[in-house]
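Because the structure is predicted, anything quoted here is derived from the model rather than measured. Numbered from 1 within each chain, the chains take letters A, B, ... in sequence-line order.
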Number of protein chains: 2
Amino acid sequence: MSNNRIKDLNEFADVFKALSNPHRLQIFLRLVSCCKPGTVSYVDAESSAYVGELGEELGVVKSTVSHHIKELKRVGIIRTERQGQRIACWVDPEIVEALKDFFTR
Amino acid sequence: MSNNRIKDLNEFADVFKALSNPHRLQIFLRLVSCCKPGTVSYVDAESSAYVGELGEELGVVKSTVSHHIKELKRVGIIRTERQGQRIACWVDPEIVEALKDFFTR
DNA sequence: TCTATTGTTCGACATATTTCGAACTATAGG
DNA sequence: CCTATAGTTCGAAATATGTCGAACAATAGA
């Protein structure tokens with residue numbers, strides 16, 4: 001099925017769209033530091049951030065941050081987990097690998 | 001100047017935006033095969049394509065292809081050169097390197 | 001249970017994007 | 001000089017995106 005190719009194409013297009021907004025790209029860069037080998041699935045203060053923090057850093061209101069987080073999550077760039085009152089966010093290391101591979105060939 | 005960071009950020013955001021449209025991403029993938037070492041700045045039938053060809057492959061009218069090509073060019077993803085009546089297009093190998101580096105760290 | 005904190009959802013609005021077709025420009029070849 | 005081919009520019013229309021503020025939901029702690 002060459003349908004797979006189209007699916008892949010559109011999925012990558014979606015990922016790039018998610019990264020095409022400066023605020024979302026900033027969120028990505030802020031979070032991506034956790035993707036060193038060894039911290040892969042471990043979430044702590046340095047490898048993740050809370051929605052509120054991200055909003056302050058970006059200078060946008062929380063509803064907008066929430067919207068961006070949702071989009072980044074939808075396309076598989078970040079993962080989230082509730083920790084008490086707050087939601088921790090981190091980049092999925094697999095997507096970074098996939099993107100690296102995408103440009104390596 | 002940490003202004004550089006913002007400039008970089010917005011430039012990368014622009015590149016991702018250019019790749020976020022499925023038609024433009026298809027053009028990129030169609031052209032990127034030329035980025036093997038050795039064909040770096042050489043434009044020939046296999047490493048480039050003409051605007052008209054790309055349009056047929058995508059199923060969009062030429063004015064739309066022209067628009068997409070212009071955008072891909074604006075952000076530095078592709079380069080073009082007139083060859084007689086036609087315009088040859090190819091991916092700038094440097095941007096592929098930059099993108100690879102972007103996801104490697 | 002009441003309150004403060006944190007985040008989500010929703011509606012509204014302004015702006016940007018994608019695409020088309022028509023008109024225009026550039027080049028090659030009689 | 002005329003004509004065909006290839007591409008660009010422009011204007012219009014439909015759709016998508018980014019952002020805010022208000023209202024709502026979940027959690028922790030007194």
Here the distance between atom P of D/dT17 and atom CG of A/Asn21, to the nearest Å, is 11 Å

Which class fits the ring pair B/Phe102 and B/Phe16: parallel under 30°, tilted 30 to 60°, perpendicular over 60°? perpendicular

Mind checking B/His67 for me? I need base, sugar-phosphate or nothing, with any heavy atom below 4.0 Å counting as a touch. base

Salt-bridge test for B/Arg30 and B/Glu57: reply yes if a basic N is under 4.0 Å from a carboxylate O, no otherwise. yes

Provide, to the nearest angstrom, the distance between the CG atom belonging to A/Leu54 and the P atom belonging to C/dT6. 13 Å

Let's test your reading of the model: under 3.5 Å, does the base of C/dG7 pair with the side chain of A/Ser66 as donor and acceptor? no

5'-most by nearest nucleotide on DNA chain D - A/Ser20 or A/Lys62: A/Ser20

Whole-Å gap separating P (C/dG7) and CD (A/Glu81): 14 Å

Check: A/Lys17 main-chain N/O paired with A/Ser20 side-chain donor or acceptor under 3.5 Å: yes

B/Ser63 or B/Glu71, whichever maps to the more 5' nucleotide of DNA chain C: B/Glu71

Answer yes or no: is there a donor N or O on one side and an acceptor on the other, between the side chain of A/Thr104 and the main chain of A/Lys100, under 3.5 Å? yes

Within the structure shown, what part of the strands sits under 4.0 Å from A/Val65 by heavy-atom distance: base, sugar-phosphate, or nothing? nothing

Taking N and O atoms by type only, does the side chain of B/Gln85 place a donor or acceptor under 3.5 Å from a partner on the base of D/dT5? yes

